[in-house]
Amino acid sequence: MKQSLFKIIKNEPLTSTVYRMILEGDTSAITRSGQFLNIKLDGLFLRRPISVCDYDDNTITILYKVVGKGTEGMSKLSPASILDILTGLGNGYDTTKSGNHPLLIGGGVGVPPMFRLAKDLIAEGKNPKVILGFNTKDETFYIEEFQHLGAEVLIATADGSIGTKGFVTDIVKELCDYTYFYTCGPEPMLKALSDCTTTSGQLSFEERMGCGFGACMGCSCETKYGNKRICKDGPVLEKEEIIW
Amino acid sequence: MKQSLFKIIKNEPLTSTVYRMILEGDTSAITRSGQFLNIKLDGLFLRRPISVCDYDDNTITILYKVVGKGTEGMSKLSPASILDILTGLGNGYDTTKSGNHPLLIGGGVGVPPMFRLAKDLIAEGKNPKVILGFNTKDETFYIEEFQHLGAEVLIATADGSIGTKGFVTDIVKELCDYTYFYTCGPEPMLKALSDCTTTSGQLSFEERMGCGFGACMGCSCETKYGNKRICKDGPVLEKEEIIW
Amino acid sequence: MVNTKVTLSGITLDNPIIPASGTFGYGYEFAELYDINILGSFSFKGTTKEPRFGNPTPRIAECTGGMINSVGLQNPGIEKVIQEELPKMKKVFHKPVIANISGFSVEEYVYCCQKIDQEDQVGIIEVNVSCPNVHHGGMSFGTSPEVAAEVTRAVKAVTKKPVYIKLSPNVTDIASIAKTCEEAGADGISLINTLMGMRIDLKTGKPVIANKMGGFSGSAIFPVAVRMVYQVYEAVNLPIIGMGGVSSPEDVLEMMLAGATAVQVGAANLVEPYICKNIIEKLPEVMKKYGITDLNDIIGGAHK
Amino acid sequence: MVNTKVTLSGITLDNPIIPASGTFGYGYEFAELYDINILGSFSFKGTTKEPRFGNPTPRIAECTGGMINSVGLQNPGIEKVIQEELPKMKKVFHKPVIANISGFSVEEYVYCCQKIDQEDQVGIIEVNVSCPNVHHGGMSFGTSPEVAAEVTRAVKAVTKKPVYIKLSPNVTDIASIAKTCEEAGADGISLINTLMGMRIDLKTGKPVIANKMGGFSGSAIFPVAVRMVYQVYEAVNLPIIGMGGVSSPEDVLEMMLAGATAVQVGAANLVEPYICKNIIEKLPEVMKKYGITDLNDIIGGAHK
Ligand SMILES: Cc1cc2nc3c(=O)[nH]c(=O)nc-3n(C[C@H](O)[C@H](O)[C@H](O)COP(=O)(O)OP(=O)(O)OC[C@H]3O[C@@H](n4cnc5c(N)ncnc54)[C@H](O)[C@@H]3O)c2cc1C
Ligand SMILES: Cc1cc2nc3c(=O)[nH]c(=O)nc-3n(C[C@H](O)[C@H](O)[C@H](O)COP(=O)(O)OP(=O)(O)OC[C@H]3O[C@@H](n4cnc5c(N)ncnc54)[C@H](O)[C@@H]3O)c2cc1C
Ligand SMILES: Cc1cc2nc3c(=O)[nH]c(=O)nc-3n(C[C@H](O)[C@H](O)[C@H](O)COP(=O)(O)O)c2cc1C
Ligand SMILES: Cc1cc2nc3c(=O)[nH]c(=O)nc-3n(C[C@H](O)[C@H](O)[C@H](O)COP(=O)(O)O)c2cc1C
Ligand code: FES
Ligand code: FES
């Protein structure tokens with residue numbers, strides 16, 4: 001973990017509620033896809049956890065949905081503003097277990113961490129298949145970005161306005177040739193995926209956090225291997241250890 | 001009273017601790033010298049009361065000393081920043097009682113309201129004599145500005161580094177040809193002036209304020225004419241009504 | 001269209017927004033800013049039997065998200081309030097007002113309530129039991145269930161107006177105090193009054209407030225207020241006027257979900273003089289955002 | 001040069017800064033960020049007889065100037081703390097630590113304190129009496145002077161280490177509780193624990209925290225904490241560890257003026273992980289600003 005200041009380079013809407021922010025600063029604490037940031041915002045006591053969507057030596061990309069005070073405030077920040085951020089939080093995804101044909105399944109604001117993960121897997125010479133779930137066509141984002149990585153991308157929307165009508169699980173159930181799966185999204189989706197997948201996999205969880213770095217026990221959950229802190233021992237858990 | 005937004009046009013140090021800020025906005029609620037503003041600052045619950053030093057149709061000049069969180073924050077605001085301000089607060093000075101040769105006595109951050117008062121009196125064709133008290137030469141400000149108004153200006157400094165060595169009262173005691181007096185400054189100075197002046201006069205008081213517009217009774221004082229609220233029935237009180 | 005009307009003991013308010021006692025004076029200062037008849041009602045400055053100057057100054061201190069006040073119930077006394085303030089108030093506010101009554105003995109409460117009972121303008125009597133009881137070593141009436149109940153009974157005996165007991169939050173068990181007030185005949189409960197707080201000036205090394213301690217209020221105390229409204233709602237079957245840190249339409253909804261039928265806004269008026277107007281104007285929009293068509297549907301909703 | 005050393009029951013701390021129990025884990029997370037040996041001491045996570053998972057999630061809610069937590073004393077139990085955590089802690093922190101002990105019956109407190117009494121690493125036992133007492137209908141030990149005194153006596157009988165009773169602020173009369181603890185043999189008083197608070201999620205209409213209520217802390221509660229430290233300082237002749245919202249060197253000085261000999265920093269660690277380091281580094285400069293050369297000179301200074 002590192003605490004440092006970042007400069008906003010870009011902050012733009014991708015849909016009516018989802019924004020992309022590009023931050024410039026010290027990214028050295030980030031070691032894996034699936035990790036997250038914890039962002040200090042003016043007037044709010046708690047930091048706000050947001051997944052790393054992508055990063056390089058001196059920039060981080062995050063995608064966030066406006067759902068409350070904090071994210072609304074973020075959406076109004078102008079470029080050149082400075083943010084105090086904790087980086088390198090969470091365990092992140094372990095790509096060594098992926099096999100050659102992993103599935104990457106992102107739902108809603110669970111899509112962002114899949115991006116860097118896909119990039120890493122492709123860089124490791126693997127062939128990830130990406131499945132993204134949204135409510136409706138207007139709410140989709142980053143589909144092209146995933147395609148540009150060279151990944152095969154399948155879309156599910158609840159209303160069928162683009163891709164398969166239904167849930168990501170409707171797509172996953174039809175697939176059988178995957179070696180592993182990685183996912184991030186709302187808990188009901190994670191549970192459904194855990195049930196319908198035929199391989200092992202890693203699932204990223206959300207919880208209301210106090211600190212985000214393992215100090216407060218605000219985010220604990222019970223697993224088959226003992227109590228874990230979503231922020232420090234997670235957010236990524238293995239399918240086998242989860243107690244639903 | 002009016003609540004409105006002001007844009008900072010200028011914010012510059014006059015001494016190591018005293019700043020001048022020029023604000024642009026709706027000044028229509030200001031009716032008299034000696035009135036004050038109540039300024040909302042980020043991160044602070046209570047507004048901060050600051051006297052109007054001067055104003056015209058669309059700007060206000062204030063002079064403030066950095067003494068704590070609020071004024072320190074103000075000193076760091078850059079031009080173009082927007083401030084939420086209550087204007088037109090307090091009774092202000094009544095110039096109708098001045099006679100032809102009023103004394104205006106300002107001590108430290110009590111100097112600012114004297115400026116507009118001097119300007120008004122001169123415009124009314126009177127001959128105010130201005131006495132300003134400071135600790136030391138380095139802490140003086142606005143002497144030239146008063147001179148430019150065409151007023152006679154006398155200075156007292158505690159260490160004698162400029163003007164008379166001593167307090168404003170040391171100067172006032174030597175004078176006998178004045179018709180009235182107006183003053184603003186630390187309470188011990190007000191008391192000493194009340195004792196040593198030979199005419200009637202108006203004195204401006206400070207008190208920790210909750211609202212600044214008469215709603216909370218946070219700033220009450222007892223006078224010979226009943227209880228008064230410094231913010232609404234003051235800050236200017238007449239010498240005769242004050243209970244020391 | 002949404003419904004913002006709520007009813008307190010038979011008195012229907014256009015909306016649940018009520019400026020809290022001590023932060024709205026007698027309404028005039030605010031009437032200069034906006035037509036205060038848009039308010040649900042308002043609770044005027046705490047009134048006592050005798051005129052009071054109140055505490056020495058400084059009476060005000062700054063806190064994170066709030067302030068401390070130690071005004072000490074400055075007011076001209078019940079007689080003058082009735083003779084001078086009520087008629088003036090009537091000119092700027094045409095709805096029933098809430099009379100906030102304080103006392104330092106049971107007799108003083110009774111005296112004031114008996115007087116105010118005659119005033120048509122007054123819709124509800126709000127009895128502030130946070131004052132120190134001179135007959136009990138200065139302990140506040142509101143810190144003992146028995147004493148709070150005694151005040152309630154005594155006051156109820158002399159007025160036909162609805163009596164709301166305004167509770168102090170500086171207690172171990174707010175629910176049991178509310179309960180004994182209910183048993184003693186209270187028509188409603190107002191809460192919370194200020195939390196006892198203190199600030200020390202580093203420059204002088206002494207308390208900022210002349211009286212050392214004072215009443216802490218403002219958004220900082222909101223979570224304590226919501227908790228206590230929630231607890232009292234479980235304990236009594238009376239309407240609750242919730243307050244403590246309310247400063248947005250969202251806060252109003254949260255208080256009502258906790259169990260409040262109406263909501264008072266205190267310290268926020270002092271720093272945002274238009275706050276009640278703003279809340280009233282934005283409330284319908286925020287209700288819609290959360291799918292609320294009638295405020296009455298959400299009162300105590302968090303308990304379901 | 002200024003002196004920041006203070007002494008708690010014979011234990012001299014390099015400075016009065018102590019991370020508060022539950023906000024610093026066992027120190028490891030912070031030891032990754034800075035050398036935690038700069039701290040005066042630290043109070044480790046509340047420990048109980050049995051291992052506890054704690055409360056269901058969500059356990060955390062946001063407030064103006066603070067947060068609510070309902071961790072529910074998650075900890076691996078006293079045995080594991082002694083066998084596993086203390087030895088690991090020793091590697092990152094070489095000074096005496098404060099053992100924060102909780103229980104749900106007097107026997108549990110006694111059990112833990114007896115065990116922890118054997119550990120050289122522990123300088124002070126901090127007995128958290130804010131927990132619900134299973135034998136008294138779940139009322140917290142800290143809300144009754146008698147019960148708090150009973151815990152104090154029982155614990156004192158089984159340990160030679162200094163025992164600090166950590167008081168709950170959710171009481172009518174903190175001073176009398178502190179006083180009975182003193183009479184029962186306490187060596188010091190820690191205060192305040194969290195204020196009980198609640199937030200309601202407007203989207204669901206239900207409390208944010210799974211357990212409904214939780215402990216409210218952070219800068220918002222500072223004025224309440226200062227007031228209580230001040231009151232307890234007047235009531236007892238014991239060293240006080242003051243806490244509640246401390247997040248700057250100025251806050252430290254204010255707490256000490258109110259009567260604290262040392263100061264704990266809680267929730268602020270969670271959002272500003274370097275806060276204790278920053279406070280320790282800036283403290284001498286801020287002391288100079290206010291003309292303080294020795295911190296011991298200002299303890300209780302506001303009472304003079
Ligand atoms: C590890 C992790 C990674 C995340 N990554 C992303 C991301 O990449 N993009 C994105 O848009 N969102 C992400 N989130 C969710 C994001 O943290 C919340 O949406 C955000 O904190 C809401 O803040 P707010 O002030 O806007 O909302 P609030 O006003 O605080 O609350 C609005 C709603 O947001 C939810 N929420 C609030 N705080 C949290 C919290 N700390 N954790 C989880 N949910 C919360 C609650 O359901 C609440 O009802 C992530 C959360 C976690 C824990
Ligand atoms: C009617 C009026 C007019 C004023 N005009 C001016 C002016 O023209 N220029 C100027 O520099 N200052 C003026 N002041 C004083 C100014 O309001 C305070 O210096 C300022 O509020 C301090 O805020 P802070 O946050 O910097 O200090 P804080 O950190 O709040 O406190 C620092 C010190 O400032 C004093 N102080 C704090 N709040 C107030 C308050 N509300 N009223 C009075 N004193 C306070 C206290 O002694 C305190 O110890 C005026 C005050 C009043 C009441
Ligand atoms: C300046 C001031 C004066 C107050 N005077 C009274 C009073 O006279 N009677 C009373 O019952 N409550 C009084 N209160 C308490 C408020 O009515 C209210 O209960 C409390 O401030 C909590 O609400 P808030 O956080 O919105 O301010 C006063 C509060 C303030 C800030
Ligand atoms: C997440 C969290 C966990 C806590 N756990 C404990 C605990 O185990 N034992 C205890 O005595 N106090 C506990 N507390 C209370 C703190 O030690 C402290 O008394 C309180 O938070 C007030 O200080 P603050 O405002 O600086 O946070 C906890 C507080 C927080 C925020
Ligand atoms: S959020 Fe604090 S331990 Fe996870
Ligand atoms: S500051 Fe509120 S009445 Fe003067």
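All chains are named by letter (A, B, ...) in the order of the sequence lines, taking the proteins before the strands, and each is independently numbered beginning at 1.
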### Task
Go through the steps to decide whether Q3(A) and L33(D) satisfy the test side-chain contact (heavy atoms from CB on, under 4.5 Å), and finish with yes or no.
CA-CA 9 Å; Q3(A) 179 178 16; L33(D) 299 176; over 6 Å; no

### Query
Quick one: of C221(A), C219(A), G70(A), who has the most non-hydrogen atom pairs under 4.5 Å with chain D?
C221(A)

### Message
Is it the case that atom CG in D94(A) sees more than 12 heavy atoms from other parts of the structure closer than 6.0 Å?
### Response
yes

### Task
Give, as side chain, backbone, both or neither, the part of F30(D) having an atom under 4.5 angstrom from any heavy atom of chain A.
side chain

## Note on the structure
If you tally heavy-atom pairs under 4.5 Å between each of Y26(D), Y274(D), Y28(D) and chain A, the highest tally belongs to Y274(D)

### Query
Taking K45(D), M67(D), Q74(D), E32(D) one by one, which has the highest count of heavy-atom pairs under 4.5 Å against chain A?
Q74(D)

### chain D contact via K232(A) - which portion, at a heavy-atom distance below 4.5 Å
side chain

## Note on the structure
Heaviest contributor of heavy-atom pairs below 4.5 Å to chain D, chosen from A215(A), G226(A), G212(A), is A215(A)

## Note on the structure
So, the part of N269(D) with a heavy atom under 4.5 Å from chain A: the answer is backbone

### Task
Identify which part of A267(D) has an atom lying under 4.5 Å from any heavy atom of chain A, answering side chain, backbone, both or neither.
both

### Task
With a 4.5 Å cut-off on heavy-atom pairs, point out which of G218(D), S70(D), G54(D), G66(D) contacts chain A the most.
G66(D)

### Residues, nucleotides or ligands: over 12 heavy atoms within 6.0 Å of K212(D) NZ
no

### Query
Given side chains that start at C-beta, do those of S220(A) and F53(D) come closer than 4.5 Å, heavy atoms only?
yes

### Task
Please answer whether the main-chain N or O of L46(A) pairs with a side-chain N or O of E62(D) as donor and acceptor at a distance below 3.5 Å.
yes

### Message
side-chain contact (heavy atoms from CB on, under 4.5 Å), that's the test. Do F45(A) and V271(D) meet it? Break it down for me.
### Response
CA-CA 7 Å; F45(A) 189 81; V271(D) 290; 4.1 Å; yes

### Message
For E207(A), which atoms come within 4.5 Å of any heavy atom of chain D: side chain, backbone, both, or neither?
### Response
side chain

## Note on the structure
Okay, N38(A) and chain D: the region with an atom under 4.5 Å from a heavy atom over there is neither

#### Entry: Close side-chain approach of M209(A) and I60(D), heavy atoms under 4.5 Å
no

### Over 12 foreign heavy atoms within 6.0 Å of CZ, F167(A)
no

### Query
Is the number of heavy atoms from other residues, nucleotides or ligands under 6.0 Å of K282(D) NZ greater than 12?
no

### Query
So does K115(D) have more than 12 non-hydrogen atoms from other groups sitting under 6.0 Å from NZ?
no

## Note on the structure
The reported gap from CD in E222(A) to OG1 in T57(D) (rounded to nearest 0.5 angstrom) is 9.5 Å

#### Entry: CE on M217(A) to CG on L73(D), rounded to 0.5 Å
12.0 Å

### Query
Does any non-hydrogen side-chain atom of R208(A) lie less than 4.5 Å from one of V208(D)?
yes

### Message
If I measure from the heavy atoms of chain D, does I230(A) come under 4.5 Å with its side chain, its backbone, both, or neither?
### Response
neither

### Message
Between S219(D) and chain A, with a heavy-atom cut-off of 4.5 Å, which part of the residue counts as in contact: side chain, backbone, both or neither?
### Response
both

### Task
Rounded to the nearest 0.5 Å, what's the gap from SG on C211(A) to CZ on F24(D)? Could you check?
11.5 Å

### Query
Between E272(D) and R47(A), is there a salt bridge with N-O shorter than 4.0 Å?
yes

